[in-house]
Enquirer: 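I'd like to ask some things about the structure below.
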Amino acid sequence: SSTMSFSEAEVQSARGAWEKIYVDAEDNGTTVLVRMFTEHPDTKSYFTHFKGMDSAEEMKQSDQVRGHGKKVFTAINDMVQHLDNSEAFLGIVNPLGKKHATQLKIDPKNFRIICDIILQLMEEKFGGDCKASFEKVTNEICTHLTNVYKEAGW
């Protein structure tokens, strides 16, 4: 469905959880991507400039990896700010999904991988409550992105 069902309390606790990890957007975004590339090496094939990098250390130092990590976190941050406004939320998710589906041709399963790694990192750094507060947000993001892909004929 296109409307989201977050209670005011859920919105607040999700934002609180997200703020903790977003404070270090570039470092944490980089950690998430490096983990994805390391644990799911096939995901590297989408990024031509990351392809030759094998060591996690090398990836961590890469301006391109860092830049994209920050970009991912900035996009999620925009979504988190609009959890209480479906229209605004979809205004961010839809073009992002469309671009990844049609221009970049990224397999949508990668969104779930990224979201799961973010949840994992939240749990490691801030505990299970933090992760639990954000789980619904990641499900919402992934569901909407998948819908955009379906509409794009994926």
Side-chain angles (χ1 to χ4, degrees), residues 4-47 49-50 53 55-86 88-101 104-149 154:
M4 296 184 300
S5 51
F6 284 96
S7 69
E8 189 49 42
E10 284 174 322
V11 170
Q12 292 312 323
S13 79
R15 282 185 183 151
W18 175 248
E19 270 163 25
K20 291 179 179 174
I21 200 162
Y22 188 64
V23 168
D24 295 311
E26 191 175 314
D27 280 343
N28 287 324
T30 301
T31 300
V32 167
L33 283 188
V34 169
R35 218 174 259 194
M36 177 174 79
F37 293 146
T38 311
E39 294 169 10
H40 306 269
D42 56 304
T43 57
K44 275 199 300 188
S45 65
Y46 294 109
F47 296 90
H49 39 270
F50 305 167
M53 293 183 198
S55 79
E57 210 37 63
E58 200 181 348
M59 290 179 216
K60 268 184 204 129
Q61 304 303 323
S62 156
D63 287 341
Q64 275 126 336
V65 176
R66 299 190 70 79
H68 198 74
K70 192 169 185 193
K71 212 181 204 173
V72 169
F73 267 46
T74 303
I76 294 173
N77 190 56
D78 290 343
M79 295 172 201
V80 170
Q81 300 319 314
H82 295 100
L83 293 175
D84 42 12
N85 179 340
S86 293
F89 179 89
L90 292 172
I92 297 159
V93 173
N94 290 344
L96 188 89
K98 202 170 245 163
K99 183 183 179 184
H100 282 76
L104 305 169
K105 308 217 187 313
I106 306 281
D107 190 318
K109 76 172 177 5
N110 294 324
F111 295 120
R112 186 70 261 176
I113 292 173
I114 282 197
C115 283
D116 286 344
I117 296 172
I118 289 172
L119 291 173
Q120 192 185 23
L121 191 63
M122 280 182 159
E123 187 168 31
E124 287 166 21
K125 286 182 174 250
F126 311 110
D129 287 351
C130 182
K131 176 191 173 185
S133 302
F134 204 67
E135 226 150 357
K136 189 171 175 179
V137 176
T138 59
N139 291 338
E140 205 63 50
I141 291 171
C142 290
T143 300
H144 285 294
L145 284 169
T146 304
N147 292 343
V148 176
Y149 268 72
W154 187 265

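Values in this document were obtained by computation on a predicted structure and should not be read as measured data.
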Enquirer: Only pairs at least two apart or in different chains count here, so list each salt bridge (charged side-chain N to carboxylate O under 4.0 Å, His left out) that has a residue in residues 11-22.
Expert: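 Every salt bridge (charged side-chain N to carboxylate O under 4.0 Å, His left out) pair that includes a residue of residues 11-22, provided the two are not neighbours, is R15-D84.
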Enquirer: Could you state the interatomic distance from CD1 (I113) to CD1 (I118), rounded to the nearest 0.5 Å?
Expert: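 Reported value, rounded in 0.5 Å steps: 12.5 Å.
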Enquirer: Identify the two heavy atoms, one from A17 and one from M122, that lie closest to each other, and give their separation to 0.1 Å.
Expert: O-CE, 3.7 Å
Enquirer: Would you compute the distance between atom OG of S13 and atom CD of E8 and round it to the nearest 0.5 angstrom?
Expert: 10.5 Å
Enquirer: Kindly compute the distance separating CD (Q64) from CZ (F47), expressed to the nearest 0.5 Å.
Expert: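 Atom-to-atom, Q64:CD and F47:CZ are 11.0 Å apart.
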Enquirer: Going by side-chain hydrogen bond (donor to acceptor under 3.5 Å, both in side chains), name the pairs with one or both residues in residues 71-80, residues two or more places apart or in two chains.
Expert: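 Passing the test, one end in residues 71-80: W18-N77, N77-Q81.
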Enquirer: Look up atom CZ in F111 and atom CG in D116, then write down how far apart they are to the nearest 0.5 Å.
Expert: 13.5 Å
Enquirer: Strictly by modelled atom types, are H144 and E140 linked by a side-chain donor-acceptor pair under 3.5 Å?
Expert: yes
Enquirer: Give me the atom names and distance for the closest heavy-atom approach of Y46 to L104.
Expert: CD2-O, 4.4 Å
Enquirer: Closer than 4.0 angstrom, basic N to acidic O: yes or no for D42 and K109?
Expert: yes
Enquirer: Do the non-hydrogen side-chain atoms of M59 and L33 ever get within less than 4.5 Å of each other?
Expert: no
Enquirer: Quick check: do W154 and T146 have side-chain heavy atoms less than 4.5 Å from each other?
Expert: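 W154 vs T146: side chains apart.
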Enquirer: With sequence neighbours excluded, what pairs up with R35 under the side chain to side chain contact (heavy atoms under 4.5 Å, CB included) test?
Expert: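 In terms of side chain to side chain contact (heavy atoms under 4.5 Å, CB included), with neighbours along the sequence ignored, R35 is linked to T31, E39, I117, Q120, L121, E124.
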Enquirer: Work out which heavy atom in M36 is nearest to a heavy atom in N110; give both atom names and the distance.
Expert: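 Smallest heavy-atom distance, with atoms named: SD-O, 4.4 Å.
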Enquirer: Work out which heavy atom in G97 is nearest to a heavy atom in L145; give both atom names and the distance.
Expert: CA-CD2, 3.6 Å
Enquirer: Looking only at non-hydrogen atoms, find the nearest pair between F89 and I141 and report the distance.
Expert: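 What the structure gives for the nearest pair is CZ-CG1, 4.0 Å.
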Enquirer: When rounded to the nearest 0.5 angstrom, what distance separates OG in S7 from CG in L83?
Expert: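 CG of L83 is found 10.5 Å from OG of S7.
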Enquirer: Other residues, nucleotides and ligands only: do more than 12 of their heavy atoms fall within 6.0 Å of CG on D129?
Expert: no
Enquirer: List the steps and the verdict of side chain to side chain contact (heavy atoms under 4.5 Å, CB included) for T138 and R112.
Expert: CA-CA 8 Å; T138 59; R112 186 70 261 176; 3.4 Å; yes
Enquirer: Whether the side chain of Y149 engages the backbone of H100 through a donor-acceptor N/O pair (distance < 3.5 Å, no angle test) should be reported.
Expert: yes
Enquirer: Do the side chains of S5 and K136 get nearer than 4.5 Å, heavy atoms only?
Expert: yes
Enquirer: Considering only heavy atoms from C-beta outward, does the side chain of T30 approach that of H68 to under 4.5 Å?
Expert: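 They are not in side-chain contact.
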Enquirer: In terms of ring plane angle, is the pair Y22 and F73 parallel, tilted or perpendicular, where the classes change at 30° and 60°?
Expert: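 Y22 vs F73 ring planes: parallel.
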Enquirer: If you look at every heavy atom in A75 and I92, which pair is closest and at what distance?
Expert: O-CG2, 4.3 Å
